[in-house]
Enquirer: 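Dropping the structure in here first, questions after.
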Amino acid sequence: MNSSGAIKKWISAGILAALILLPLCADSATVVSLKGKVEVDRNGSWIPLAENDTVAQGEIISTGFKSEAVLQYQGSTIQLGPLTRITLETLAKGEKKDTVSVYLNTGAVKSSVKKTENKRVNYTVHNPVAVASVRGTEFGFSSDGSIDCTEGAVVAYPGNWYDSAASVGEPSDGQSSAGTAAGDIAPGAPVGAVVVLPGQGVSVGESGFNSRPADTASEKAGTVLNALNTPIDTESVATGSPSADSQLPSVPETTSTGGTQKTGKIKVVITVQ
Amino acid sequence: MVKKFAAVMLSAVLLSASPLTGLDFGGKINSTTKYQGTEFSALKWYESSAAHLWISSLFNKKMKLKFSADGSYEFRYDERDNSYKNIVDLNLLKISGTLEAGRYNAIQFAVGRFPVSDMTGIVFSQINDGMYIKFVTPVIEFSIYGGSTRMLNAHDVTILTPEGTAYNPDYNSVYVTAPSYIPFGISIACPSLFFNQTLAAEGWGFIDFSTDRYSRWYGTIALSGPLSGKVFYSLMTTAGSENLKTLSDLSKAVLTLYPAAGASVCFTGVYASGSNGFLSSFRGFTSQTADFALDEPEYTGMIKAAVSGSYTILSCVCLVAEGGCVFVCPENTVSYDGLQWNFSAVWNIFHDLQVSAGASQYYAADSSRNKTCLVVTGAFVF
């Protein structure tokens with residue numbers, strides 16, 4: 001093999017590598033605002049962050065007591081609540097889509113996901129308990145597996161079901177509705193993933209859903225009524241998914257005699273899933 | 001002296017074990033005062049006061065193995081028959097856990113005494129002794145339940161028995177064993193089957209082990225899901241049979257809206273068959289009051305349309321209102337039975353203290369069945 005042939009081979013290999021790597025380049029996010037103690041883990045030591053600092057893919061960001069931070073990447077922002085720690089697993093800018101994957105070590109985050117330059121955004125927040133993948137969304141994610149959506153749509157599923165396949169592919173364009181398939185929002189989402197719409201929430205456990213959107217809405221509406229619940233109220237079993245009657249809040253017994261034969265609590269908020 | 005020593009030792013053991021084993025324990029004291037009757041001038045007093053003690057312990061985190069128990073003492077007084085009752089009950093004695101079966105599947109189980117409700121919440125809803133197993137996969141959830149009613153306290157659960165039943169206990173005792181039935185149920189649900197809707201089917205059998213020969217069978221199919229982010233619906237119909245000789249129906253439609261944070265509005269329609277054509281009168285297994293009328297009818301031979309709403313203000317007060325219209329159809333004709341309303345306010349004064357007040361009325365076509373009820377409750381947890 002002559003030297004020009006070898007050079008051509010090296011150039012071809014270089015171009016090929018560039019073509020593979022260019023679409024997804026590791027990137028960094030900017031700290032747009034912060035309050036209190038916010039630090040990044042670099043080479044094993046915690047370094048305080050200031051506004052306009054950048055944090056790179058793979059870095060761990062932590063907030064202290066009564067502290068908050070907002071990071072921006074392209075058009076999307078992630079707001080870290082107090083006592084929160086996240087790992088920026090993926091910050092990748094591509095030709096057709098941007099990919100963001102955040103691991104929530106502890107605490108709670110709120111995300112506002114917006115696409116830029118007509119590129120789609122594949123945005124995932126996950127921890128061992130739950131996974132949330134989104135399309136054009138504002139949503140909250142707590143380390144206990146509570147996910148709520150305020151805009152757009154979120155696909156949620158248990159942490160056990162997560163693999164990196166969830167962040168492959170591009171979410172389809174369009175508005176989300178009650179009938180939107182999970183796969184349209186988060187390509188690669190496993191079968192059984194739940195679509196969470198604006199105003200809805202779910203509670204996800206490691207191996208299943210603790211409450212789906214209808215149950216969560218009912219629980220939120222009945223927060224005052226359920227405030228004094230003890231195990232006799234929370235350890236009930238309701239067979240079948242559609243009715244969560246056993247979880248319905250009960251109000252004062254105005255209907256029953258309360259004698260030996262009647263139970264008759266008034267059930268107020270009917271949930272349907 | 002021995003009692004004091006035992007109490008001190010028990011307290012010491014509980015307090016020392018608490019941080020080590022995740023042991024949690026507490027209590028609840030609650031009281032209900034009610035005045036009810038056909039009209040305001042003839043209200044009768046009813047009083048109930050109860051004290052609960054409970055304990056809960058997560059003793060295996062990996063399997064989520066949990067033990068929970070709740071015991072109570074309750075005093076009841078009813079002015080209508082000037083009766084007093086002292087009731088002792090074990091309301092909860094449950095061991096539950098979860099076994100993970102591969103990455104996507106799980107088996108949840110519970111054994112002991114705990115509240116159980118069927119899909120409708122009308123056929124079977126009470127504390128019961130038994131075993132529950134649920135297989136959870138991403139596409140299908142399958143559950144089975146089997147138990148016994150024999151050891152339950154009939155003061156706190158009401159199993160509907162036939163006319164002329166042989167079951168005739170002495171309700172003056174603090175613990176009255178319930179009639180003997182073997183309830184068992186099978187349930188299959190496909191969550192997010194299509195367009196995020198859930199299809200579920202369920203079968204329940206209640207085999208009579210007393211001498212009444214009054215076994216009952218029920219099959220339910222239901223469809224539910226979101227219509228939008230804040231609107232949900234549920235449609236379900238249940239076929240019932242007594243001793244596999246009759247056929248009855250219970251159908252229920254529910255539309256629930258959550259228009260704002262802390263607010264809900266719910267529209268409900270229920271049909272429970274009477275002797276309508278080929279259908280017989282529907283009857284559930286456990287007692288459920290169908291409307292606010294004085295005779296507190298069960299869900300049988302009736303059509304009810306109701307709207308209810310709740311709203312939370314100041315994060316600690318919940319206002320609840322309900323209105324409804326009831327028709328009866330014991331045979332092949334439908335007639336108006338009455339109108340009802342209810343209003344309640346619940347106030348969490350502190351995180352461990354709750355009081356509530358409420359009023360309801362039923363205006364019946366037959367005024368002797370009118371009912372007015374005023375109620376005040378209080379609950380304190382520790």
Side-chain angles (χ1 to χ4, degrees), chain A residues 160-161 177-180 182 190-195 197-200 207-208 212-214 217-218 220-225 227-228 230-232 235-243 245-246 248-249 251-264 266-273, chain B residues 28 46 48 54 56 68 70 91-92 94 100 103 106 114-117 119 121 132 136 138-139 143 155 158 171 185 187 189 191 195-196 198 200 202 222 224 226-230 232-234 254 256 258 264 266 289 292 308 310 312 318 320 342 344 348 354 356 358 360 373 375 377 379 381:
Chain A
N160 271 4
W161 303 1
S177 69
T180 302
V191 175
V194 167
V195 176
L197 296 171
Q200 294 183 350
S207 53
R212 292 169 183 273
S218 173
K220 282 183 180 173
T223 303
V224 170
L225 304 176
L228 268 58
T230 60
I232 186 65
E235 292 294 325
S236 60
V237 164
T239 62
S241 281
S243 173
D245 270 2
S246 64
L248 297 181
V251 293
E253 297 179 55
T254 50
T255 57
S256 75
T257 59
T260 57
Q261 296 297 310
K262 302 291 182 182
T263 51
I266 307 165
K267 293 178 176 176
V268 183
V269 185
I270 306 295
T271 58
V272 289
Q273 188 166 355
Chain B
K28 186 175 189 174
Y46 167 80
S48 163
W54 59 266
S56 178
S68 309
D70 178 297
N91 308 296
L92 183 69
K94 181 186 177 191
E100 296 198 356
R103 185 173 165 192
F114 48 89
V116 183
S117 172
M119 206 185 290
Y132 172 76
V136 182
V139 291
S143 65
H155 284 301
T158 304
Y171 279 106
S187 178
F195 299 118
N196 304 314
T198 298
E202 182 170 281
S224 65
L227 293 174
S228 73
K230 296 177 179 177
F232 301 86
Y233 78 95
S234 168
V254 180
T256 311
Y258 299 96
S264 70
C266 183
T289 307
F292 300 174
S308 60
S310 69
T312 300
C318 186
V320 178
N342 167 64
S344 302
N348 288 343
Q354 184 183 76
S356 71
S360 72
C373 183
V375 60
T377 72
V381 294

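Throughout, a chain's letter reflects where its sequence line sits, starting with A, and its residues are numbered from 1.
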Enquirer: Would the distance check show the side chain of B/D70 and the main-chain N or O of A/I232 forming a donor-acceptor pair, the cut-off being under 3.5 Å?
Expert: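 Looks like no, no N/O pair under 3.5 Å.
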Enquirer: Once you round to the nearest 0.5 Å, how far does OG1 of A/T230 lie from CG of B/L92?
Expert: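 Atom-to-atom, A/T230:OG1 and B/L92:CG are 8.5 Å apart.
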Enquirer: For B/V139, what residues pass the side chain to side chain contact (heavy atoms under 4.5 Å, CB included) criterion, not counting sequence neighbours?
Expert: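 Once residues adjacent in sequence are excluded, the partners of B/V139 under the side chain to side chain contact (heavy atoms under 4.5 Å, CB included) criterion are A/V191, B/T137.
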Enquirer: Return the set of residues passing side chain to side chain contact (heavy atoms under 4.5 Å, CB included) with B/A379 (not counting sequence neighbours), or none when no residue passes.
Expert: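 Expected list: A/L228, B/K28, B/N30.
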Enquirer: Does some side-chain heavy atom of A/W161 sit less than 4.5 Å from a side-chain heavy atom of B/P138?
Expert: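 Yes, at least one pair of side-chain atoms sits under 4.5 Å.
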Enquirer: Looking at A/V224, is its backbone amide N or carbonyl O close enough to the side chain of B/Q354 to form a donor-acceptor pair, meaning the two atoms are under 3.5 Å apart?
Expert: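 Checking the backbone N and O of A/V224 against the side chain of B/Q354, a donor-acceptor pair under 3.5 Å is found.
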Enquirer: Mind ranking B/V381, B/T312, B/L227 by heavy-atom pairs under 4.5 Å with chain A and telling me who comes out on top?
Expert: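 Highest number of heavy-atom pairs under 4.5 Å: B/V381.
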Enquirer: Based on non-hydrogen pairs under 4.5 Å, which of B/S68, B/C318, B/S56, B/P115 is most in contact with chain A?
Expert: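 The residue among B/S68, B/C318, B/S56, B/P115 with the greatest pair count is B/P115.
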Enquirer: Taking all atoms of both residues into account, what is the closest heavy-atom pair of A/Q200 and B/P226, and its distance?
Expert: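 For A/Q200 and B/P226, the tightest heavy-atom pair comes out as NE2-CB, 3.9 Å.
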Enquirer: May I ask you to name which of A/A227, A/P231, A/G199 has the most heavy-atom pairs under 4.5 Å with chain B?
Expert: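 Highest number of heavy-atom pairs under 4.5 Å: A/P231.
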Enquirer: Looking at side-chain heavy atoms only, is the closest gap between A/R212 and B/F232 below 4.5 Å?
Expert: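 A side-chain contact under 4.5 Å is absent here.
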